[in-house]
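Atoms within a ligand are numbered from 1 in the order they appear, just like the ligands themselves. Computed from heavy atoms alone, side chains included, the values below leave out hydrogens, waters and symmetry copies.
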Amino acid sequence: MARKKKTSKKFAKRPKSAKPAKEEILLQPPRGMRDILPQDQPYWQQVRRVSEKAAADFGYRRIDIPLVEFMNLFSRSIGEGSDIVEKEMYSFSTKGGEKVTLRPEFTAGIARAYIQHGMHVAPRPVKLYYIGPCYRYDRPQEGRFREFFQFGCEALGEQDPVIDAQMIQMGWRVIYQLGIRNVKVYVNSIGCPACQKSFRNLLVHYFESKKQKLCIDCKRRLEANPLRILDCKEDKCVQVKASAPQSIDHLCDDCRMHFKELLEYLEELEIPFELDSTLVRGLDYYTRTVFEFIPVSLASPSLGGPSRGESVSENGEVKKKNALGGGGRYDGLVKMLGGEDTPAVGFSLGLDRLVAEMKKLGAKFYREPKPKVFLAQLGTFAKRKSLRMFESLERAGVMVAESFGRGSLKSQLKVADRLGVEITLILGQKEALDGTVIVKDMASGNQEIVDAGKMVDEVKKRLKK
Ligand code: HAM
């Protein structure tokens, strides 16, 4: 007798009519990403306006580059051993099999565009600025997001340190004009490839002798990229690197002169800066000048010691862990990517961090211009006519508010009151048929009937008063 085949519950066939269970839609963006809501936009708008004005004042022209580039552009430029490339890139293969990455920063893409569009024939330096989102799969925490925004400037084709100073001046000016005054510039020079080679050997020698005290990542970095150890924020590595050799003590004559001139320019500009021998920055393309804009506060014993990632200097200043921006020279990048030998320097500011700092300090934000006129209407015919009226006012440069969706005149006038407009125009059925409109002065409450054809001139005349 044939035995009936038993199917376990797990492999039981779904009846043909049953649909696969739908995955739940999470009503939130992926971790480390967020919405920037209308109530926060005045801060963002202020940051964008101040940044773009500074860029224009210093002769920088806007460039937009794709959010997605080929992966190896970033891995070669930023460096295989860097945290960004090792751990933080959003990389994927397209349907066509291309390996691409969401940009973790702009500089590599700018250098690519500079070569691709033959910008080397333009008058030097080629000055470009950008603003937009970047992506790093980092561990989200205060001031650190997976989607964040940068504003930055790059000058390609000039090696004079005066441009380095100007870059610092520009970043500093943007931060200052946003009302953030508790910031210092930390600078260092990591030299040219020749200086870096001998400095690297010294570092390896030093860190080899302290290898046991380094974190696991740094033990690996010792082989791959010892300079990155100076970047490590692990407490034990911070202690070891405090007595490590310093790059500025091992610069060649040209690099030393370059750095000395930069510092003289900074003094001339009266920008508060400090030398930081451990500053190497987390990207491999840097040569010579590197700098960061970091908020500082005075150490307060009542608030306890510095938090993780913060440090206290000899003069009692607490250097906060999150830089508002950073940059430096990358004299070898364009050539490495296949272009001509092109010295270059640039910086980027993190807009998310600027906004957070502005809020913390109660800094001024951008105030949208407010409408001075409200257009109220009553009845279907009047509503139709008021659409046209709204457009004529807008075209004449008069900002108008309305609430077309509301029915009663009373509720519309309430909105007008709340907005604090100077004039309310009322268009009822009768006025719409007569070709007139009631002009109400909100301060005095006086009303006047005006010919609809003369309405725009009348409004402008009254607003001028
Ligand atoms: P960076 O230091 O990697 O440099 O980033 C610049 C700024 O972007 C940081 O100082 C910070 O304000 C902001 N930022 C970076 N990562 C995050 C994050 N996960 N969340 C929030 N903000 C962040 C660069 O990107 C270089 N391309 C700068 C440069 C331009 N060097 C030469 N030219």
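Protein heavy atom in closest approach to atom 23 (C) of ligand 1: Phe148 CD1, 3.4 Å. Remark: minimum distance from atom 8 (O) of ligand 1 to any protein heavy atom is reached at Gln150 NE2, 3.2 Å. Of the protein's heavy atoms, Glu105 OE1, 2.5 Å lies nearest to atom 27 (N) of ligand 1. What sits closest to atom 28 (C) of ligand 1 on the protein, heavy atoms only, is Ser348 OG, 3.2 Å. Nearest protein neighbour of atom 32 (C) of ligand 1, counting heavy atoms only, is Gly346 O, 3.3 Å. The shortest contact between atom 4 (O) of ligand 1 and any protein heavy atom is with Arg281 NH2, 2.9 Å. In this structure, the protein non-hydrogen atom closest to atom 12 (O) of ligand 1 is Ala323 O, 3.0 Å.
Those atoms of ligand 1 with a heavy atom of Leu324 less than 4.0 angstrom away are 10 (O), 12 (O). Close contacts between ligand 1 and Arg144 involve ligand atoms 18 (C), 19 (N), 20 (N) [criterion: under 4.0 Å to a heavy atom]. Atoms of ligand 1 lying under 4.0 Å from at least one heavy atom of Tyr286, given by number and element, are 26 (C), 28 (C), 29 (C), 31 (N), 32 (C). Which parts of ligand 1 touch Tyr285 is read off a 4.0 Å heavy-atom cut-off, strictly below it: atoms 26 (C), 27 (N), 31 (N). In the vicinity of Glu154, heavy-atom distances shorter than 4.0 Å reach the ligand 1 atoms 30 (C), 32 (C), 33 (N).
Taking all atoms of both residues into account, the shortest heavy-atom contact from Cys215 to Cys232 is SG-SG, 3.9 Å.
Here the side chains of Tyr366 and Arg48 are not in contact, with every heavy-atom distance at 4.5 Å or above. Put simply, the side chain of Tyr206 reaches to within 4.5 Å of the side chain of Ser243, judged on heavy atoms. No side-chain heavy atom of Arg329 sits less than 4.5 Å from a side-chain heavy atom of Leu262. Counting heavy atoms from C-beta on, the side chains of Phe74 and Pro104 come closer than 4.5 Å.
Between Thr107 and ligand 1, an N or O atom pair is found at a separation short of 3.5 Å. Polar contact with ligand 1: present for Phe145 (N/O pair, distance under 3.5 Å).
Surrounding NZ of Lys219 are more than 12 heavy atoms belonging to other residues, nucleotides or ligands, all under 6.0 Å away. Atom NE2 of His117 has more than 12 neighbouring heavy atoms from other residues, nucleotides or ligands inside a 6.0 Å radius.
With no hydrogens or angles considered, a side-chain donor-acceptor pair links Glu147 and Tyr135 at under 3.5 Å.
Rounded to the nearest 0.5 Å, atoms CG (Leu156) and CG (Leu128) are 6.0 Å apart.
Ion pairing of Asp231 with Arg221 is absent here, as no side-chain N (NZ or NE/NH1/NH2) approaches a carboxylate O to less than 4.0 Å.
Residue Gly143 places a heavy atom less than 4.0 Å from ligand 1.
Looking at Gly325, Ser77, Gly350, Ser82 and measuring to atom 13 (C) of ligand 1, the nearest heavy atom belongs to Gly350.
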